[in-house]
Amino acid sequence: MPNDVAIVIADPSFMSAIRETASIPGRMMPFGTNSLGSAMESVRAYRPKVVALDALVAQTPGGMTFLDRVEQLGIPKCKILLLVEHDGEWSTVPRKDAANLAPSRSAGGSATQAAPTKPVVALPPAEIVSTRRVPRFAVRDSLDVTVESGCAHLVDISVLGAQVVSLPVLRPGQKIKVSLPDTDDTLNVVAQVAWSLFERPQLQAEPHYRVGLEFTEAAQHALEGYRQRHCASQPLRKRAR
C-alpha cells in the first residue's frame with residue numbers, strides 16, 4: 001500500500017487554516033517551524049508522498065538546508081511543496097517556483113502588503129537542520145514502558161530520543177512522562193512527542209501509534225547508563241539516502 005503521509009511544517013497557529021484551505025493530499029503529520037530536525041527524521045522514517053514547508057521558512061538558511069536534504073533522499077513520487085498564505089487562505093506551489101514568490105507575511109506572522117519591485121528580505125535564520133545527532137540502539141529484549149497512564153513498547157533509544165509503539169494516542173508537541181523499567185527500579189523521565197503515526201497492521205488485531213520521542217536535558221544525563229544496560233552494543237544503521 002502506498003504511503004499517504006504528508007509532512008507539513010509551519011507555525012502551529014497556522015495549522016488549522018492550512019488543513020482547511022491548502023488541500024494537501026494524505027494524512028497530515030504537522031511540525032512546528034522550530035522542529036525541522038524532528039521533521040527530517042520523520043521524512044527518513046516514513047518516506048512521505050508530500051513534504052510541505054511554509055514558503056517564508058523555505059527562504060531561511062535552515063529551511064533551504066532542510067529542503068535540499070529532502071531532495072537528496074530521492075524518495076519516489078514525493079512532492080516537495082511550499083505553503084503560501086494570502087488573506088488567510090493557504091495554497092501550495094512546487095519548490096521550483098520559490099524564486100517568483102514575494103512574502104505576504106512579516107516574520108511575526110501578520111499580513112503585509114509586499115511591494116513586487118523590492119527584493120525578498122531574508123528572515124532571521126531558522127533552526128539549522130540536524131538529522132539524528134547521536135546513534136540509536138535497538139533494545140535487546142522486549143521492554144514495555146509506561147507513557148502517561150498507558151502502555152507502550154520500546155523499540156530503540158538514544159540519550160536524545162526513542163521510538164515507541166504506543167496504544168494510547170500520542171500527538172506531536174505533547175509533553176509526557178515516561179517510566180522505563182530498569183534492573184532494580186524504574187527510571188522516570190520526561191519527553192516530548194516529536195512525531196506520531198497511526199498504524200493498523202493487517203496481521204495485528206489492535207491498531208497502534210508509532211511515535212518518536214525527544215528527551216529533555218534533565219532526562220539525558222540518566223539515559224546513557226540505561227542504554228548500555230538494555231540495548232545492543234552496536235548502533236542501528238542510518239537509513240540510506
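Start at 1 with the first residue, then count along the sequence. Keep in mind it's a predicted model, so treat the numbers as computed, not measured.
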Problem - Parallel, tilted or perpendicular: ring planes of W90 versus F14, cut at 30 and 60 degrees - result: tilted

Exercise for the section: First locate atom CG of L154, then atom OG of S166, and finally report the distance between them rounded to the nearest 0.5 Å. Expected result: 12.0 Å

Exercise for the section: Given side chain to side chain contact (heavy atoms under 4.5 Å, CB included), test V159 with F215 step by step and report yes or no. Expected result: CA-CA 7 Å; V159 295; F215 294 122; over 6 Å; no

Fill in the blank from the handout: Closest non-hydrogen contact found for I24 with A52 is CD1-CB, 4.3 Å

Problem - Interatomic spacing from NE2 in H230 to CD in Q228 - rounded to 0.5 Å - result: 11.0 Å

Exercise for the section: Kindly indicate, with the supporting measurements, whether the criterion side chain to side chain contact (heavy atoms under 4.5 Å, CB included) is fulfilled by L82 and T92. Expected result: CA-CA 5 Å; L82 301 183; T92 60; over 6 Å; no

Handout entry: Among I176, V169, V164, the one residue meeting side chain to side chain contact (heavy atoms under 4.5 Å, CB included) with V211
Key = V164

Handout entry: Atom CD of E217 with >12 non-hydrogen neighbours under 6.0 angstrom
Key = no

Practice task
Could you tell me the separation between the CG atom of D54 and the CG atom of D11, rounded to the nearest 0.5 Å?
Solution key: 8.0 Å

Practice task
Look up atom CD in E71 and atom CD1 in I80, then write down how far apart they are to the nearest 0.5 Å.
Solution key: 4.0 Å

Handout entry: N-O pairing of R136 and E41 below 4.0 Å
Key = yes

Problem - Under 3.5 Å donor-acceptor, R227 side chain and S158 backbone - result: no

Exercise for the section: Mind listing the closest non-hydrogen atom pair of V8 and M15 along with its distance? Expected result: O-CE, 3.5 Å

Practice task
Please examine the side chains of I75 and P48, heavy atoms only from C-beta on, and report whether any two atoms are closer than 4.5 Å.
Solution key: yes

Exercise for the section: Report yes if some heavy atom in the side chain of V165 is under 4.5 Å from a heavy atom in the side chain of V155; otherwise report no. Expected result: yes

Exercise for the section: Work out which heavy atom in F66 is nearest to a heavy atom in A39; give both atom names and the distance. Expected result: CE1-CB, 4.0 Å

Problem - Note, R210 side chain near W195 side chain (heavy atom, < 4.5 Å) - result: yes

Handout entry: Exam field: side chain E148 to backbone K177, donor-acceptor pair closer than 3.5 Å
Key = yes

Handout entry: R171 backbone acceptor or donor facing Q174 side chain under 3.5 Å
Key = yes

Handout entry: Joint hydrophobic cluster, V51 plus M64, side-chain heavy atoms closer than 4.5 Å
Key = no

Exercise for the section: I would like to know whether N188 and S179 meet side-chain hydrogen bond (donor to acceptor under 3.5 Å, both in side chains); could you show each step before the answer? Expected result: CA-CA 4 Å; N188 296 306; S179 297; 2.7 Å; yes

Handout entry: Heavy-atom side-chain contact between Q234 and F137 under 4.5 Å
Key = no

Fill in the blank from the handout: Heavy-atom closest pair (G88 atom, A17 atom, distance to 0.1 Å) is O-CB, 4.3 Å

Problem - Heavy-atom side-chain proximity of L143 to L180 below 4.5 angstrom - result: no

Exercise for the section: Decide, yes or no, whether a salt bridge links D4 with K49 under the criterion of side-chain N to carboxylate O below 4.0 Å. Expected result: no

Handout entry: Interatomic spacing from CD1 in I9 to CD1 in I18 - rounded to 0.5 Å
Key = 10.0 Å

Practice task
Verify, without hydrogens or angle tests, whether S196 (side chain) and L170 (backbone) share a donor-acceptor contact under 3.5 angstrom.
Solution key: yes

Problem - Beyond-backbone contact of R95 with D68, side-chain heavy atoms, under 4.5 angstrom - result: yes

Handout entry: Pairwise side-chain contact, C231 with I157, heavy-atom cut-off 4.5 Å (strictly under)
Key = yes

Exercise for the section: Would you name the heavy atoms of P30 and R19 that are closest together and state the gap between them? Expected result: CG-NH2, 4.0 Å

Exercise for the section: State yes or no: do V190 and L223 share one hydrophobic cluster built from I, L, V, M, F, W and Y residues joined by side-chain heavy-atom distances below 4.5 Å, directly or via other members? Expected result: no

Exercise for the section: Given side chain to side chain contact (heavy atoms under 4.5 Å, CB included), test L83 with V93 step by step and report yes or no. Expected result: CA-CA 7 Å; L83 291 160; V93 298; over 6 Å; no

Practice task
Could you walk me through whether Q163 and L213 pass the side chain to side chain contact (heavy atoms under 4.5 Å, CB included) test, one step at a time?
Solution key: CA-CA 6 Å; Q163 181 183 165; L213 301 178; over 6 Å; no

Fill in the blank from the handout: In this structure, CG of L36 is separated from OG1 of T65 (nearest 0.5 Å) by 9.5 Å

Exercise for the section: Inspect the contact between R229 and D184 and indicate whether a charged nitrogen and a carboxylate oxygen are less than 4.0 angstrom apart. Expected result: no

Problem - P181 backbone acceptor or donor facing Y226 side chain under 3.5 Å - result: yes

Handout entry: Closest non-hydrogen atom pair between A6 and P25, with its separation
Key = CB-O, 3.3 Å

Handout entry: Side-chain heavy atoms of V5 within contact of R47, under 4.5 Å
Key = no

